[in-house]
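Scroll down for the structure; my scribbles are underneath it.
No experiment lies behind these values; they were computed from the predicted model shown.
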Amino acid sequence: MSLHFDELKEKRLFSLMSTQAGALTASNGAERFAELQNYLSAKLKEARSKNWKVVIIAGTNGKGETAHTLNTLALKQEIKVALWTSPHILSLRERFCFEGEDLSYEELELALGDEFANQKKEGFFLGYYETLFSVFLSLALKKNPELLILEVGLGGRFDAVNLMNPDLCLITSIGRDHEEFLGRGHRKILLEKLGVTRPQVPLLTCLELSFQREVCREFTKTTQVPWIDLFEAELVTKTNDYSKRNRLLALQAFKKLTGKTISLESLRSLSFKGRGETIQITDKTFFFIGAHNHDGVRKMVEGLKSGHLLNDFSCPFDTILVSFSKRSIEEIEACVRLLARDWRLANRVVLTSFEHNKAMDGKALSKFKGLVEFEADWKNILPKLQGTVLVTGSYYFVGEVQRFLSSKLSSR
C-alpha cells in the first residue's frame, strides 16, 4: 500500500475548501440539482459534444470497488479513462483520477482556485461535493478521456453525476443507508438509485433480494430500460462474497462496453484505497476495509470468514479497530454485535471515536463497551497494538488512521 501524502499540502486544500465551499455535508434534492445544472450548462453542453463513453455506478455498498475495478480493466486495455469517486480516504486528490493517476496537489489547487473565481463571477455557491464535481468536469474537458467512470455520492436521482448522459448504468447493492435523504425502506432507496437510468441505456444490477429485483423489473419495464439481472443470468450467486460480486459486475460492464471477456482470476490480487489495503510497520500489519453500515459490515464479515476477501488471509486478526460515522444507535449496535460475536474473526475488538464532522459521538459509542472494548481516543491504543490489525468502519475513520500512519512513516 502506498501512503503518498503531503500533510501540509492537504491542509492547504482543506482550508481552501472549508473557507470557500463550507463543511463536507450531504446534499440531495431537486432544487440543488437544478441549480447545479444551470451553473454547469456550458460545461455539460461541451461534454455532450465529446465522443465519451460514460458509466454511472450507484448502490449502497460496493460502488467504489466496482468503479476502481472497471477503471483497472480499462487501463489494462490502454483506454484513456477518467474516474470520479466519493468519498476520498486519505487525500482529496483521490476523487480526481485520470489514466490511473490521482491529480497532483498543484494541479488540484490551481483548478479549485479557478472554480471558486468562476463561482464568484457567476454569483453561485455550490457547496462541497458539487464544487468538486464541477472541477472534475472541467479537468475532464481539458484531458478529454475516452471513458468516464462516475461513482454516485448519495442516492442517484439528484446526484451531480446524473447530469451526465450515461452509456451504461450499474447498481451494486441496496441497503438501509441515508434514509433521511432517500426515504425509508428498500423500495424508496432503490427508486432513488434507479434515477440514474435512461430509456434504451443498459442497466446491470447485482441486487440479491428477490423483492428488490421485482421492483427493478417493474421500473425498467415501464421506463424501457434494457436490464440485465446478474443473479437471474447466473453470472453471480448468493455464495459469492460481496467483493467477488463487485468484480463480476465490473467484468460484465467492461464486456458490455468493449465486447471483451476478462477472467475473474486476473483480478485476484487487486486492492484499492480503503478496500483491502495493507501496510506493514515494524511488527504490525494493518489491513484497511471500509464498512460503514450494517449491510457493509455483514458482507465484510462473511468475506473475511470465507478467506477470499484479503487474498486468503486467515482470520483471526489480533485486533479489530473500528469506528463509525453518524447513524442510529440501533444500527451501531447491530454492527458491533456482528464484529464481536465470533471469536474466529478477532482476538479482540476495540470500538473507538474519532474527530470529524461526520463522526459518531464518542459518548454514544461508549455505551457498547460491555460488548467490546472501548477506547475514547484511538491514537492512545494504536502504538500498543501488535500483530495483525483490521481498521474498519467509516471510510472517514480509515482515512484518519492512514493519515496518522503516514505522518509516522514520513518522520522516520
Side-chain angles (χ1 to χ4, degrees), residues 14 17-18 22-28 59-64 86-90 92 128-129 153-155 173 175-184 189 273-275 277 286-301 304 317 319-342 345-346 348-382 385 389-405:
F14 176 80
M17 285 298 298
S18 59
L24 172 56
T25 55
S27 61
N28 195 55
T60 302
N61 295 305
K63 301 187 299 293
S86 180
H88 62 273
I89 308 295
L90 181 61
L92 189 65
Y128 195 100
Y129 179 84
L154 175 65
S173 66
R176 292 177 179 268
D177 202 10
H178 299 301
E179 288 184 295
E180 68 274 27
F181 298 105
L182 307 180
R184 300 210 168 269
I189 293 171
K273 180 64 64 180
R275 302 168 179 90
E277 282 183 293
F286 291 91
F287 299 84
F288 299 91
I289 303 177
H292 64 287
N293 54 37
H294 180 249
D295 191 46
V297 172
R298 177 180 62 81
K299 290 175 178 176
M300 178 189 71
V301 170
L304 289 170
F317 297 96
T319 305
I320 293 177
L321 185 63
V322 58
S323 193
F324 294 98
S325 300
K326 294 173 184 175
R327 53 195 59 249
S328 72
I329 288 294
E330 293 76 17
E331 184 173 9
I332 296 292
E333 181 176 0
C335 291
V336 171
R337 289 188 181 279
L338 277 172
L339 295 172
R341 71 185 180 190
D342 195 329
L345 196 61
R348 63 190 294 215
V349 178
V350 180
L351 180 64
T352 187
S353 57
F354 67 106
E355 292 186 11
H356 194 282
N357 71 313
K358 288 200 170 187
M360 190 73 181
D361 180 71
K363 289 183 180 179
L365 292 175
S366 68
K367 296 177 182 178
F368 301 110
K369 60 185 177 183
L371 291 174
V372 294
E373 296 179 48
F374 177 77
E375 173 60 54
D377 188 348
W378 58 272
K379 292 179 183 177
N380 292 334
I381 195 172
L382 199 69
L385 299 179
V389 181
L390 171 63
V391 180
T392 189
S394 166
Y395 281 111
Y396 299 111
F397 175 61
V398 169
E400 289 299 311
V401 176
Q402 288 196 359
R403 273 186 277 280
F404 180 81
L405 294 177

Tabulate below the donor-acceptor pairs under 3.5 Å that side-chain atoms of residues 359-369 make, not counting sequence neighbours, or state none.
from, atom 1, to, atom 2, distance (Å)
Asp361, OD2, Lys363, N, 3.1
Asp361, OD2, Ala364, N, 3.2
Ser366, OG, Lys363, O, 2.6

Reported OG1-to-CG distance for the pair Thr319 and Leu385, which is rounded to 0.5 angstrom: 5.0 Å

Whether His292 and Tyr395 hold their rings parallel, tilted or perpendicular, with breakpoints at 30° and 60°: tilted

Given Leu351, Val322, Leu339, the one that forms side-chain contact (heavy atoms from CB on, under 4.5 Å) with Val372: Leu351

Mutual orientation of the aromatic rings belonging to Phe397 and Trp378 [parallel < 30°, tilted 30-60°, perpendicular > 60°]: perpendicular

For Arg298, side chain to side chain donor-acceptor pair (under 3.5 Å) partners two or more places apart: Asp295, Glu302

Which residues share a ring-ring contact (aromatic ring centres under 6.0 Å, His included) with Phe317, sequence neighbours left out: Phe287, Phe313

Sub-4.5 Å side-chain heavy-atom contact between Leu154 and Tyr129: no

Tyr396 vs Asn357 side-chain heavy atoms within contact, under 4.5 Å: no

From Glu400 atom CD to Ile89 atom CD1, the distance as rounded to the nearest 0.5 Å: 11.0 Å

Backbone N/O of Gly274 and side chain of Glu277: donor-acceptor pair under 3.5 Å: yes

Test side-chain contact (heavy atoms from CB on, under 4.5 Å) applied to Leu382 and Phe286, step by step: CA-CA 10 Å; Leu382 199 69; Phe286 291 91; 3.7 Å; yes

Test log, rule side-chain contact (heavy atoms from CB on, under 4.5 Å), inputs Cys335 and Arg327: CA-CA 11 Å; Cys335 291; Arg327 53 195 59 249; 5.6 Å; no

Rounded distance [0.5 Å steps], CG in Leu390 versus CZ in Phe288: 9.5 Å

Atom pair CZ/CG of Arg337 and Leu371 - distance to nearest 0.5 Å: 4.5 Å

Leu345 CG to Leu338 CG distance, which is reported to the nearest 0.5 Å: 9.5 Å

Nearest heavy-atom neighbours spanning Ala291 and Val297: O-CG2, 3.5 Å

Salt bridge (charged side-chain N to carboxylate O under 4.0 Å, His left out) partners of Glu375, counting only residues at least two apart: none

Residues that Ser353 engages under side chain to side chain donor-acceptor pair (under 3.5 Å), provided they are two or more places apart: none

Main-chain N/O of Ile289 paired with Thr392 side-chain donor or acceptor, under 3.5 Å: yes

Where Lys63 and Thr60 come nearest, the two heavy atoms and their spacing: NZ-O, 3.7 Å

From Met300 atom CE to Arg275 atom CZ, the distance as rounded to the nearest 0.5 Å: 14.0 Å

Heavy-atom side-chain contact between His356 and Ser394 under 4.5 Å: no

Contacts of Thr352 that satisfy side chain to side chain donor-acceptor pair (under 3.5 Å) - sequence neighbours left out: none

